[in-house]
Amino acid sequence: MHASETPDTPPQLALIEVTEKQRQDATHWDVTGMRATMSGRFDFTDLRISDAQCLGEPGIYEREPHFEGGIWRYCAVHLGGVEALLLHWRETLLSRGRFDDSFQLSRYARAVSLTRAMASLLRETAAKLPSDSVTDTSLIEKFVTSALLARQFSEEVCLEVLALAEKSLGTSAFRPGPLERIRRDLSLYVRQAVPDEKLERAGRVLAKMEGAPSW
């Protein structure tokens with residue numbers, strides 16, 4: 001616990017050295033995706049945190065619009081994963097001489113169109129981000145809702161593009177290699193951060209709005 005922390009202190013981010021082998025436990029990260037992250041647990045028992053290691057003031061991490069509203073940033077990771085998938089998918093079809101097949105062309109074109117729509121929405125969402133000086137709760141709430149909706153759309157795009165690529169490539173999409181790793185990592189990453197709960201929050205805001213939900 002930080003020297004100035006009490007049970008009622010809001011959470012605070014800190015940069016902490018986690019290289020002590022005896023405190024590490026990687027056995028809990030037993031999912032098939034995102035293995036390269038080296039995720040796991042770290043025992044912080046009796047570990048003191050200095051003021052120099054702390055980032056920002058207590059509670060700032062959960063302050064909107066950068067907490068839930070910041071969800072658009074990891075949607076950018078979704079986008080990067082999909083774009084990488086498209087690249088390897090295309091190279092595989094070219095190497096097989098299958099890019100003259102009408103079904104393959106249709107699947108790939110559909111995936112590209114979805115990815116473009118996703119990129120456009122994320123740029124639009126990021127451009128709406130209020131500055132730190134904005135205190136208008138209505139404006140902040142609208143941005144957070146926009147970010148949550150963008151997160152929902154990005155998940156749907158990822159899942160459809162994954163399905164299209166798997167149908168296009170068949171069992172080779174599941175054989176070890178760059179494309180299989182991207183497919184496995186992306187399918188896990190889009191399942192994070194309780195998406196149903198976030199969509200429900202967006203729905204509650206939309207339900208309170210009068211007229212068409214546009215801003």
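Computed from a prediction, not measured in an experiment: that's the story for all the values here. Quick note: residue numbers are just sequence positions, from 1.
The local environment of CZ in R90 is sparse, with at most 12 non-hydrogen atoms from other residues, nucleotides or ligands closer than 6.0 Å. Within 6.0 Å of atom CD in E197, 12 or fewer heavy atoms from other residues, nucleotides or ligands are found, so the atom counts as exposed in its surroundings.
When hydrophobic clusters are built by joining Ile, Leu, Val, Met, Phe, Trp and Tyr residues whose side-chain heavy atoms come closer than 4.5 Å, directly or via intermediates, L114 is grouped together with L86. Under the 4.5 Å side-chain heavy-atom criterion for Ile, Leu, Val, Met, Phe, Trp and Tyr, V31 and M34 are members of the same hydrophobic cluster. W89 and V82 fall within the same hydrophobic cluster, defined by Ile, Leu, Val, Met, Phe, Trp and Tyr side-chain heavy atoms under 4.5 Å apart, directly or through other members. V157 and L199 are not part of a single hydrophobic cluster, where members link through side-chain heavy atoms under 4.5 Å apart. L186 is connected to L179 through a chain of hydrophobic side-chain contacts under 4.5 Å among Ile, Leu, Val, Met, Phe, Trp and Tyr, so both are in one cluster.
Side-chain atoms of R151 come within 3.5 Å of backbone N or O of V190 as a donor-acceptor pair. Judged by distance alone, the side chain of E62 and the main-chain N or O of F67 form no donor-acceptor pair under 3.5 Å.
In plain terms, the two heavy atoms of L129 and P65 that are nearest each other are CD1-CG, 4.1 Å. For the residue pair L122 and A150, the shortest heavy atom distance occurs at CD2-CB, 4.1 Å.
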Exercise. Where do T171 and R175 land on the side-chain contact (heavy atoms from CB on, under 4.5 Å) test, with the steps shown first?
Worked result: CA-CA 7 Å; T171 58; R175 294 194 178 103; 3.3 Å; yes
For this session: Check the pair K128, K142 against side-chain contact (heavy atoms from CB on, under 4.5 Å), reporting the backbone distance first and the verdict last.
Result: CA-CA 9 Å; K128 292 178 179 178; K142 285 182 178 180; over 6 Å; no
For this session: Kindly indicate, with the supporting measurements, whether the criterion side-chain contact (heavy atoms from CB on, under 4.5 Å) is fulfilled by L15 and L55.
Result: CA-CA 7 Å; L15 289 176; L55 300 177; 4.0 Å; yes
Problem set entry | side-chain contact (heavy atoms from CB on, under 4.5 Å) assessment of C158 paired with M118 | CA-CA 9 Å; C158 289; M118 177 179 169; 4.2 Å; yes
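Contact check on K198 versus E155 returns no salt bridge, with no Lys/Arg side-chain nitrogen under 4.0 Å from an Asp/Glu carboxylate oxygen. Using a 4.0 Å cut-off between charged nitrogen and carboxylate oxygen, R63 and E57 count as a salt-bridge pair. The existence of a salt bridge linking R204 and E200 is confirmed by a sub-4.0 Å separation between a basic side-chain nitrogen and an acidic carboxylate oxygen.
Here the CD-CG distance, from Q152 to L148, works out to 10.0 Å after rounding to the nearest 0.5 Å.
Among R110, R107, K167, the one residue that satisfies the salt bridge (charged side-chain N to carboxylate O under 4.0 Å, His left out) test with E160 is R110. Of the residues T45, D46, L47, the one that meets the side-chain contact (heavy atoms from CB on, under 4.5 Å) test with D43 is T45.
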